[in-house]
Amino acid sequence: MNAIELEFTKLVRDYRKTIYTVCYFFSDNPTDVDDLFQEVLVNLWKGFPKFRGDSSPKTWVWRVSLNTCCKVERGKKRNVPIVPLVIDKDVLSDSNEVGRQVKMLYDRINRLELFDRAIILLWLESMSYDEIAAIVGISTSAVTSRLFRIKEQLKSMSNH
């Protein structure tokens with residue numbers, strides 16, 4: 001492996017759970033999540049040589065992951081050869097009460113508009129409003145008002 005491949009492998013290893021979390025927010029079907037994960041990896045690889053470090057690697061991975069999943073969700077997915085990946089999918093097991101509550105929250109979040117899903121996902125990952133703004137490309141004050149509205153929407157949703 002050359003230096004670029006080693007660096008990319010380390011990036012993917014460091015952020016694989018982040019990538020998976022984003023993919024899961026856009027589909028809870030394991031096959032679709034695997035496809036999204038692979039599509040994100042392809043886009044990260046394609047963009048890796050152009051990554052100049054203007055933002056942190058964390059911000060860049062989030063941005064690429066969200067943009068890829070949104071693009072696929074909008075139906076503009078390109079045909080890319082798919083290689084099966086093994087991913088730990090027990091993150092949201094509903095075998096206990098906490099798992100059921102997390103699944104219920106994810107189900108509600110999946111009913112939000114794409115952009116709102118991205119914002120709440122970043123917030124749930126404990127990112128600062130400034131980080132969220134940098135990733136999604138809006139002002140910090142817009143993040144504040146959107147998060148308030150999104151939380152109110154989630155509270156008012158039924159579980160069905």
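Values below: every heavy atom of this structure, side chains too, minus hydrogens, waters and symmetry copies. Since the structure is predicted, the reported quantities are computational estimates derived from the model, not experimental observations.
Taking a 6.0 Å sphere around CD1 of I4, one finds it holds 12 or fewer heavy atoms contributed by other residues, nucleotides or ligands.
W62 is listed as a side-chain neighbour of L121, based on a closest heavy-atom distance under 4.5 Å. Within the 4.5 Å cutoff, the side chain of L11 has heavy atoms near those of the W60 side chain. Contact annotation: the side chain of L122 approaches that of L66 to within less than 4.5 Å [non-hydrogen atoms, C-beta and beyond]. Side-chain atoms of L124 and F25, non-hydrogen and from C-beta on, do get closer than 4.5 Å to each other. The side-chain heavy atoms of I132 and I138, taken from C-beta on, include no pair separated by under 4.5 Å.
Side-chain atoms of Q38 never come within 3.5 Å of backbone atoms of D35 as a donor-acceptor pair (strictly under, hydrogens ignored). Not a single donor-acceptor pair under 3.5 Å links the side chain of T59 to the backbone N or O of S55. Side-chain atoms of R146 do not come within 3.5 Å of backbone N or O of I119 as any donor-acceptor pair.
A pairwise comparison of heavy atoms in F26 and N110 identifies N-OD1, 4.3 Å as the closest pair. Annotation for S65 and I19: closest pair OG-CG1, 3.7 Å, computed over non-hydrogen atoms. Across L36 and S27, no two heavy atoms sit closer than the pair CD1-CB, 4.3 Å. Considering every non-hydrogen atom in both V40 and C23, the closest pair reads CG2-SG, 4.1 Å.
Applying the salt bridge (charged side-chain N to carboxylate O under 4.0 Å, His left out) test to every pair with at least one member in residues 11-21, sequence neighbours left out, gives these pairs: K10-D14.
Between the CG atom in D32 and the CD atom in E39 there is a gap of 12.0 Å [rounded to 0.5 Å]. For the atom pair CD1 of I120 and CD1 of I150, the computed distance is 5.5 Å after rounding to the nearest 0.5 Å.
Classification of E152 and R149 as a salt-bridged pair fails, no side-chain N sitting under 4.0 Å from a carboxylate O. Salt bridge E131/K58: present, at least one basic N to carboxylate O contact under 4.0 Å.
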side-chain contact (heavy atoms from CB on, under 4.5 Å) assessment of L154 paired with K151: CA-CA 5 Å; L154 290 171; K151 290 176 195 176; 5.5 Å; no
Trace of the salt bridge (Lys or Arg N to Asp or Glu O under 4.0 Å) decision for E73 with R117: CA-CA 12 Å; E73 185 75 16; R117 272 193 253 170; 3.8 Å; yes
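Using modelled atom types, one finds no donor on one side chain facing an acceptor on the other under 3.5 Å when comparing T18 with T21.
Ring-plane geometry between W45 and F8 is classed as perpendicular, the angle between the planes exceeding 60 degrees on a 0 to 90 degree scale with a lower cut at 30.
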